[in-house]
> 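Before we start, here is the structure in question, set down as structure tokens.
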Amino acid sequence: MKAFIIQNLKTLHRKFDYRNFSLAANLDFDESTLAQEQDRVWDQNNLPIPTLQHLIQKCARERTIREGKSCHAQIIQLGFQADDLTSNMLINMYAKCGNLGHARKLFDEMPQRSLVSWNTLIGAYTQNGNAEVGLLLFKEMHRDGSCSFSEFTVSGVLCACALVLALIECKQLHAFALKLSFESNVYVSTALLDVYAKCNLIEDANWIFESMPQRSDVTWTSMLVGFVTNELYEEALLLLRRAQRAGVEYNQFTVSSALSACAALTALIEGNQVHAVVCKSSFGSNIYVASTLVDLYAKCGMIKDAYAVFSTVDEKNIVLWNAMVSGFARHGRSLEAMILFEKMQLSGLCPNQVTYVSVLSSCCHMGLVERGKKYFDMITKEHNLSHNVFHYSCMVDILGRSGLIDEAKDLIDKMSFEATPSMWGSLLASCKVYGNVELAEEAAKCLFEVEPNNAGNHVLLSNVYASRGRWEDVARARTLLKESEAKKVRGISWIEIKDKVHTFMVGERNHPRISEIYGRLDDFLEEMRNQGYRGENEHDLHDVEESRKQELLKHHSEKLAFTLGLMCLPSGVPIRIMKNLRICGDCHSFMKKASSITGRLIIVRDNNRFHHFRDGFCSCGEFW
DNA sequence: GTAGGGTTAG
């Protein structure tokens, strides 16, 4: 700013000598003097048109509407009939400063609109969150017919298409771009690939990307985000490495999208490398980067690191707060989640629907029924928001887990949404815990209808019968499962060691060190048994012999991943394991005992939450 | 003078 003011004063002094004070004598003003002088410059009434045009453009870049308006006023005062160039600059300035009304008025008052005027106004609406109007304007421009389209028109309208997922219009523009050879323009191609990716046509997006002879950093980011949006996280990380090899310099856009891919994959090592780049850069305090870093660390089990990043940001926005609240919730740190929820409001921000999903889920993880009900009411009564399907899902879970199964069922019946599989699944799991066979059968029936191919649902019902000793029904449920097309999702666990992810299935045979792992696990189990560990067979209600049950439990994927961690990671380093399914009771007991025997912190992330095992205890307090 | 990219939710 200081440099700009000095430069500006120098220019004005040199060209027009409007200043009453001597610039040449001493430019070493303090900041406040400079600011005062800057105000005096803006208040000048005799600036020539080229200077005013220059300043208008600067105001558009820096979003300084006060100064922009001052320039506009001077133009009017001078009696200057704004030409196409000046009008477009003013329209753009008002649009960039968020004043669409002024931009539109100027456009409407123009005696003749040029191509640039149309492009500018379309961009104005699109950039101010009104893409529909941007598209309508494009149609109006087409009808008007007084000017043709340029690359600017196409990329600008594609931007509007990306915001409202207007695939048909995008395809028409694509055809038009090909006809006029606009596709060689990097802005046009990048905007095209962005729309295709956002409309889930990732292959088309990738085809455009691969066909581009030249790519900008925006192109790379758009493709990266495209993969992330389409949940192709591995592809996103491969692209990131490719970008690195191609010499693309990271910026806050590349970094935030790369970090979100790392977070989704819980790829901590890769995420750390990106974080290292951030630390050396100037965009570490960028709110998007900070939010993805908080999310990354929280999802990778590093809740302290997440909080460390969160604390460094001075001006926190709602997304950053939400990322941190959700991180605490995921780790079962309900108290911290709730304190942060209050602090966020003290800082002057109102919670949104996402915030409430996080605080409600923190209630799920600790079985806090009354608190959950209070938050659920606050959504509509205190913050005038509407309940969404996630809120109901959390509430059904909170009620069911606490044994209020009928109340949970009532909530499902009364809500205006279609019940989701997760709601029926949660209700069914609660029915197993509280032995409610009747409601379990009803929930299972609904679940089979909406998820006919999920074998886990059949197993859940079978387990409800087994928990009540109804073995004939267990057999019937199993037969039904065999006759159906349903597939059981296999339990998979993975662990990151150095820069490699090791994946294990139950009874894994393919890992290169598998024999060594089984040997080490057997020795360790022996040691554990000597210290009082007994397996918990009731958590695996397979209809199999006792000895086979023991065998299946022993080789659960998380135990294999843990053993490799024990073999490879130096003592003192936490063993962090990820699992695609919920951790079973036996593995939970195993990890508790293992944490006390080895004196190590063991962190297991299952499909629902984090468990931190330390000194024989788990952070979930046995509620999960 | 006008155009393309990023964060949080069971």
Side-chain angles (χ1 to χ4, degrees), chain A residues 53-54 56-57 60 83-93 95-96 114-124 126-127 150-160 162 182 185-195 197-198 216-226 228-229 251-260 263 283 286-296 298-299 317-327 329-330 352-361 364-365 388-398 420-423 425-426 607-609:
Chain A
Q53 287 173 337
H54 172 79
I56 289 165
Q57 279 181 273
D83 56 1
D84 183 58
L85 179 78
T86 317
S87 297
N88 291 336
M89 283 177 175
L90 282 167
I91 292 170
N92 188 42
M93 183 274 293
K96 290 285 187 295
S114 68
L115 170 64
V116 179
S117 324
W118 282 102
N119 292 346
T120 308
L121 197 71
I122 290 169
T126 307
Q127 289 153 24
S150 68
E151 290 98 325
F152 284 82
T153 326
V154 176
S155 58
V157 179
L158 281 170
C159 180
F182 283 173
N185 177 296
V186 74
Y187 285 82
V188 171
S189 299
T190 304
L192 269 173
L193 89 80
D194 183 53
V195 184
K198 286 197 168 92
S216 69
D217 55 343
V218 182
T219 318
W220 286 92
T221 312
S222 301
M223 198 61 242
L224 203 54
V225 174
V228 174
T229 312
N251 57 33
Q252 58 254 53
F253 294 92
T254 14
V255 159
S256 52
S257 48
L259 286 170
S260 68
F283 43 82
N286 177 276
I287 198 83
Y288 287 83
V289 174
S291 303
T292 41
L293 275 171
V294 167
D295 188 47
L296 168 80
K299 283 187 176 146
N317 70 1
I318 186 81
V319 177
L320 183 70
W321 283 99
N322 286 352
M324 197 63 241
V325 175
S326 121
R330 196 176 281 119
N352 64 11
Q353 289 186 317
V354 180
T355 329
Y356 272 111
V357 174
S358 298
V359 284
L360 280 172
S361 79
C364 292
H365 293 143
N388 69 18
V389 73
F390 294 111
H391 302 136
Y392 276 103
S393 189
C394 287
M395 214 49 221
V396 166
D397 207 36
I398 292 170
T420 62
S422 83
M423 288 182 198
S426 149
N607 62 350
N608 187 38
R609 57 167 298 159

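Chain A is the first sequence line, chain B the second, and so forth, proteins listed ahead of strands; every chain is numbered from 1.
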> Does A/Thr254 make a side-chain donor-acceptor contact with the base of B/dG6, cut-off 3.5 Å?
no
> Among B/dG6, B/dG5, B/dT8, which nucleotide has an atom closest to any side-chain atom of A/Asn286?
B/dG6
> Which part of the nucleic acid, if any, lies within contact of A/Asn352, taking any heavy atom under 4.0 Å across all strands shown: a base, the sugar-phosphate backbone alone, or nothing?
nothing
> Base, sugar-phosphate alone, or nothing: which one does A/Asn388 contact when heavy atoms must sit under 4.0 Å apart?
base
> Starting the side chain at C-beta, find the nucleotide from B/dG4, B/dT2, B/dT7 nearest to A/Val218.
B/dG4
> To the nearest angstrom, how far is A/Asn119 atom CG from B/dA3 atom C1'?
8 Å
> Starting at atom CD of A/Gln252, determine the distance to atom P of B/dG6, rounded to an integer number of angstrom.
12 Å
> Among the candidates B/dG4, B/dT7, B/dA9, find the nucleotide nearest to the side-chain atoms of A/Cys159.
B/dG4
> Among B/dA9, B/dA3, B/dG6, find the nucleotide with the atom closest to the side chain of A/Phe152.
B/dA3
> To the nearest Å, give me how far apart CG (A/Asp397) and P (B/dA9) are.
17 Å
> By a 5.5 angstrom centroid cut-off and a 30 degree plane limit, is there stacking between A/Tyr187 and B/dA3?
yes
> Could you tell me whether the phosphate oxygens of B/dT7, OP1 or OP2, come under 4.0 Å of any side-chain nitrogen or oxygen in A/Lys299?
no
> Among B/dT2, B/dT8, B/dG5, which is the nearest nucleotide to the side chain of A/Asp295?
B/dT8
> Just checking A/Asn185: base, sugar-phosphate only, or nothing, at a heavy-atom cut-off of under 4.0 Å?
base
> Between the base of B/dG6 and the side chain of A/Ser257, is there a donor and acceptor pair under 3.5 angstrom?
no
> Does OP1 or OP2 of B/dA9 have a side-chain N or O of A/Arg330 closer than 4.0 Å?
yes
> Once you apply a heavy-atom cut-off of 4.0 Å, does A/Thr153 come out as touching a base, just sugar-phosphate, or nothing?
nothing
> So, for A/Gln53 and A/Asp83, which heavy atoms are closest and what is the spacing to 0.1 Å?
NE2-OD1, 4.5 Å
> Please report the closest heavy-atom contact between A/Val116 and A/Thr120, naming both atoms and the distance.
O-OG1, 2.5 Å
> Please check if any side-chain donor atom of A/Thr292 sits under 3.5 Å from a side-chain acceptor atom of A/Asp295, or the reverse.
no
> For B/dG5, does the base pair up with any side-chain atom of A/Ser222 as donor and acceptor (N or O, under 3.5 Å, distance only)?
no
> Does any part of the side chain of A/Tyr288, heavy atoms only, come nearer than 4.5 Å to the side chain of A/Gln252, both counted from C-beta?
no
> Is there a donor N/O on one and an acceptor N/O on the other, under 3.5 Å, for the side chain of A/Thr190 and the base of B/dG4?
yes
> Measure the distance from CD1 on A/Ile318 to P on B/dG6 and round it to the nearest whole Å.
20 Å
> Please determine whether a side-chain nitrogen or oxygen atom of A/Gln127 lies at a distance below 4.0 Å from atom OP1 or OP2 of B/dG4.
yes
> Give A/Ile91 one of three labels, base, sugar-phosphate or nothing, depending on what nucleic acid heavy atoms sit under 4.0 Å from its own.
nothing
> Using whole Å, what does the distance between atom P of nucleotide B/dA9 and atom NE2 of A/His365 come to?
13 Å
> In this structure, how many angstroms lie between the P atom of B/dG5 and the CG atom of A/Leu259, rounded?
20 Å
> Contact class for A/Asn92 vs. all strands (heavy atom < 4.0 Å): base, sugar-phosphate, or nothing?
sugar-phosphate
> Tell me: OH of A/Tyr392 to C1' of B/dA9, nearest whole Å?
17 Å
> NA contact type, A/Ser426, heavy-atom cut-off 4.0 Å: base, sugar-phosphate, or nothing?
nothing
> Categorize A/Gln53 for me: base, sugar-phosphate, or nothing, with a 4.0 angstrom heavy-atom threshold over every strand shown.
nothing
> Can you figure out which of B/dA9, B/dT7, B/dG4 approaches the side chain of A/Ser291 most closely?
B/dT7
> Looking at every strand, decide which applies to A/Val186 at a 4.0 Å heavy-atom threshold: base, sugar-phosphate, or nothing.
base
> With rounding to the nearest 0.5 Å, note down the distance linking CD in A/Gln127 to CD1 in A/Ile122.
11.5 Å
> Run the side chain to side chain contact (heavy atoms under 4.5 Å, CB included) check on A/Asp194 and A/Leu158 step by step: do they pass?
CA-CA 9 Å; A/Asp194 183 53; A/Leu158 281 170; over 6 Å; no
> Nearest-Å distance, CE (A/Met423) to C1' (B/dA9)?
13 Å
> Tell me the closest heavy-atom pair linking A/Ser150 and A/Phe182, and the distance in Å.
C-CE1, 3.6 Å
